[in-house]
Amino acid sequence: MKIAIILGTRPEIIKMSSIIRECERCNIDHYIIHTGQHYSFEMDSVFFDELNLPAARYNLDVGSDQKSSLRSDHLTFRSSGVSGTHGRQTATMLAGIERILLDDTPDVVLVQGDTNTVLAGALAASKLGIHVGHVEAGLRSFDRTMPEEMNRVIVDHISDHLFAPTETSRQYLLDEGIPDERIFVTGNTIVDAVHRNLEIAKGKVDVLERLDLFNGGYFLATAHRAENVDDPVRLGGILEGFRLVYEEFGMPVAFPAHPRTVKMISEFGFDVPSGTRLIEPLGYLEFLQLERGARCVLTDSGGLQEEACILGVRCVTLRDNTERPETVDVGVNVLVGCDGVKIVEGVRRMMECRDVCGDLYGDGTASERIINIIG
Ligand code: UD1
Ligand code: UDP
């Protein structure tokens, strides 16, 4: 059996890393197709280096929307081939992936998550009659204005194996008429990645010392969702929330910002509030340490909502909805949107929260299960 693993963005590299490890462990013939949707060192190569992953056999170098000429000084960029829209980005990936799959044909293609890379990979493979396995299937925000929601729905409906992280996701898929025999509840591969890399991080990095922070004495924030950071009202509200959080609790907000967010802060002419430490995106080892030591996480990231729960850290989600409702249901995550006052209220509430998350996302063997199922 030959598996092609298609990935293109930071979270896909992290969440696919344990699947790649498992292929290596089981001596399964596999190779990586990187679309190049993410390409800055801090969003891409750092994870291959730290997670000790083999280089992609193919890199399409598709890049992302480069219509703005504003670039942050602290990030390194390499050239990006595509400018413009989702359609153009997805289409370029689709054509490139199809060419590779025709030439170096696998038995199974694996994609993970909900990015444009995932949509292009699943579509190219399914049209060629190649089995598609969707890792992290069945997530739904029920908000079709999110590009990710569109990608999730389409990819789930054209996949042959749907690896749902939770029973809730399985139920969503069944409700949409997807046959039960295609769905497997495996847990989320992020648990595998967190456990493994937190251990590795111990001996290798000390981000708290580097950033002059102490355990439990700071907040960790990230934001990158298009619907938040491309909207001046919402991005302004988020920054106001950080200001209010610092004012009320007197603890700094560490803010490793996605390049998209840095770009939009600059385009809108916003100042970063005092108490907020805008830093470059971190590698996974440092980031996990920073996340574990945080008093609370403020984020619009999907992966962070899961990781915070796994690490036992409270999460305030800067969105109006979530495709990770389990974390809200057990009480360790709260949805506050992007209004400054609501953000600080959410932090107050989470600071008092005593609920525990348990193993909502599985026991750290998702990758093993997935490879067993397709193997
Ligand atoms: C993408 C995914 C999103 C995912 C996120 C993970 C889609 C539609 N969106 O969003 O679901 O949560 O990745 O981080 O697939 N940029 C760089 N360097 C990079 C990558 C991006 O500077 O390596 C900047 C560029 O200005 C680019 C912008 O970020 O225009 C957005 O990048 P893009 O890949 O289009 O979307 P993300 O916001 O990263
Ligand atoms: N992450 C990281 N460095 C950072 C910010 C995030 O390593 O500076 C990791 C984080 O631990 C998580 C993943 O990136 O595993 C989340 O990616 P992102 O928020 O970009 O995407 P999403 O999960 O929302 O799709």
Side-chain angles (χ1 to χ4, degrees), residues 7-17 35-47 50-51 61-72 74-78 80 82-90 93 112-120 136 139 141 146-152 188-191 193-194 197-198 201 207 220-230 254-264 266-267 279-292 297 299-308 310-311 317-319 322-324:
L7 44 76
T9 67
R10 168 167 75 185
E12 293 163 69
I13 303 168
I14 293 168
K15 285 176 169 173
M16 280 299 204
S17 66
T35 60
Q37 180 172 345
H38 283 178
Y39 45 89
S40 301
F41 175 79
E42 294 83 350
M43 300 298 288
D44 173 19
S45 307
V46 67
F47 300 104
E50 281 193 347
L51 305 178
D61 207 10
V62 162
S64 48
D65 179 354
Q66 296 291 294
K67 65 178 183 277
S68 165
S69 57
L70 285 167
R71 294 185 175 182
S72 138
H74 67 258
L75 298 176
T76 50
F77 289 84
R78 67 187 165 90
S80 156
V82 179
S83 64
T85 62
H86 278 246
R88 189 158 170 202
Q89 183 185 55
T90 310
M93 293 176 189
Q112 187 286 326
D114 53 21
T115 66
N116 288 345
T117 291
V118 176
L119 175 62
E136 205 174 88
L139 271 61
S141 66
M146 289 179 72
E148 292 86 358
E149 182 75 354
M150 220 68 100
N151 294 344
R152 289 180 198 122
N188 195 311
T189 59
I190 194 65
V191 182
V194 166
N197 292 294
L198 209 49
V207 70
L220 172 63
T222 77
H224 74 279
R225 286 278 140 223
E227 64 272 21
N228 282 347
V229 304
D230 292 3
F255 184 28
H258 188 291
R260 177 182 206 125
T261 312
V262 174
K263 183 177 81 175
M264 296 318 294
S266 169
E267 268 189 28
I279 54 174
E280 61 193 57
L282 299 172
Y284 196 45
L285 301 183
E286 284 201 329
F287 191 82
L288 272 182
Q289 273 190 345
L290 197 61
E291 204 174 349
R292 189 176 56 173
V297 167
T299 191
D300 63 9
S301 159
L304 260 80
Q305 292 175 66
E306 296 158 354
E307 282 174 349
I310 295 161
L311 293 166
T317 296
L318 311 169
R319 289 176 49 189
T322 179
E323 57 293 315
R324 274 91 175 169

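Keep in mind that what you see is a predicted model, and the values were worked out from it rather than measured. Both ligands and their constituent atoms are indexed starting at 1 by order of listing.
Here His86 has side-chain heavy atoms under 4.0 Å from ligand 1, and that is the only part of it that gets that close. Proximity of Asp114 to ligand 2, defined as any heavy-atom pair under 4.0 Å, is not found for any part of the residue. Looking at Lys15 against ligand 2, nothing comes within 4.0 Å, counting heavy atoms. Using a 4.0 Å cut-off between heavy atoms, Pro11 contacts ligand 1 through its side chain alone, with no backbone atom that close.
Of the listed options Ala120, Pro259, Gly113, Pro259 places a heavy atom closest to atom 24 (C) of ligand 1. For atom 14 (O) of ligand 1, the nearest non-hydrogen atom from the set His38, Arg10, Gln89 belongs to His38. Distances from atom 26 (O) of ligand 1 to the heavy atoms of Lys263, Met264, Met146 show the closest one on Lys263.
For ligand 1, the atoms lying closer than 4.0 Å to a non-hydrogen atom of His258 are 14 (O), 29 (O), 37 (P), 38 (O), 39 (O). Residue-ligand proximity, Pro256 to ligand 2, at heavy-atom distances under 4.0 Å covers atoms 8 (O). Residue Tyr284 approaches ligand 2 through these ligand atoms, each under 4.0 Å from one of its heavy atoms: 7 (O), 11 (O), 15 (O). Taking every heavy atom of Pro281 and a limit of under 4.0 angstrom, the matching atoms of ligand 2 come to 8 (O). Atoms of ligand 1 found under 4.0 Å from any heavy atom of Ser40, numbered from 1 in the order shown, are 17 (C), 18 (N), 19 (C), 22 (O), 23 (O).
Ring-plane geometry between His258 and His224 is classed as parallel, the angle between the planes falling under 30 degrees on a 0 to 90 degree scale with a further cut at 60.
Within the structure, ligand 1 has Arg225 among the residues with a heavy atom less than 4.0 angstrom away. At least one heavy atom of Arg225 sits closer than 4.0 Å to an atom of ligand 2.
Within the model, atoms CZ of Arg10 and OG1 of Thr115 stand 13.0 Å from one another, a figure rounded to the nearest 0.5 Å. Atoms NE2 and CG, from His38 and Leu7 in turn, are 12.0 Å apart once rounded to the nearest 0.5 Å. Here the CG-OG1 distance, from Asp300 to Thr261, works out to 7.5 Å after rounding to the nearest 0.5 Å. For the atom pair CD1 (Ile13) and CG (Asp44), the distance works out to 4.5 Å, reported to the nearest 0.5 Å. The CD atom of Glu280 lies 9.5 Å from the CZ atom of Phe41; values are rounded to the nearest 0.5 Å. Separation of atoms CZ (Arg319) and CD (Gln305) is listed at 6.0 Å; rounding is to 0.5 Å.
Proximity of Leu198 to Leu311: side-chain heavy atoms (C-beta onward) are separated by under 4.5 Å at one or more points. The closest side-chain heavy-atom distance from Phe287 to Pro281 is not below 4.5 Å. When side chains are defined from C-beta on, Asn151 does not count as touching Val118, because their heavy atoms never get closer than 4.5 Å. In this structure, Met150 and Leu119 have side chains that are not in contact, with every pair of non-hydrogen atoms separated by 4.5 Å or more.
Of all protein heavy atoms, the one lying nearest to atom 25 (O) of ligand 2 is Pro11 CG, 3.5 Å. Regarding atom 8 (O) of ligand 2, its nearest protein heavy-atom neighbour is Leu282 N, 2.9 Å. For atom 13 (C) of ligand 2, the nearest protein heavy atom (residue, atom name, distance) is Ile14 CD1, 3.9 Å. The protein atom (non-hydrogen) at minimum distance from atom 4 (C) of ligand 2 is Phe287 CD1, 3.2 Å.
Remark: side-chain polar atoms of Gln37 are paired, donor with acceptor, to backbone N or O of Thr117 under 3.5 angstrom. Distance alone, capped at 3.5 Å, places no donor-acceptor pair between the Thr90 side chain and the Asn116 backbone. The closest donor-acceptor contact from the side chain of Ser40 to the backbone of Glu42 lies at 3.5 Å or more, if one exists at all.
For ligand 2, one of its N or O atoms has an N or O atom of Ser301 under 3.5 Å away. Any N or O atom pair closer than 3.5 Å counts here, and Glu307 shares at least one such pair with ligand 2. The N/O atoms of Arg260, backbone and side chain alike, include one that comes under 3.5 Å of an N/O atom in ligand 1. The distance criterion of under 3.5 Å between nitrogen or oxygen atoms is not met by Thr115 with respect to ligand 1. For ligand 1, the polar-atom distance check finds an N/O of Glu148 within less than 3.5 Å of one of the ligand's N/O atoms. The distance criterion of under 3.5 Å between nitrogen or oxygen atoms is met by Gly303 with respect to ligand 2. In terms of N/O distances under 3.5 Å, ligand 2 is not approached by Phe47. Among the atoms of His224, some N or O lies under 3.5 angstrom from an N or O of ligand 1. The shortest N/O to N/O separation between Asn116 and ligand 1 falls below 3.5 Å. Taking any N or O of Arg10, backbone or side chain, at least one lies under 3.5 Å from an N or O belonging to ligand 2.
At a threshold of 4.0 Å, the pair Arg324-Glu136 counts as salt-bridged, since one of the basic side-chain nitrogens sits closer than that to a carboxylate oxygen. Salt-bridge formation is detected for the pair Arg152/Asp114: a Lys NZ or Arg NE/NH1/NH2 atom is positioned less than 4.0 Å from an Asp or Glu carboxylate oxygen.
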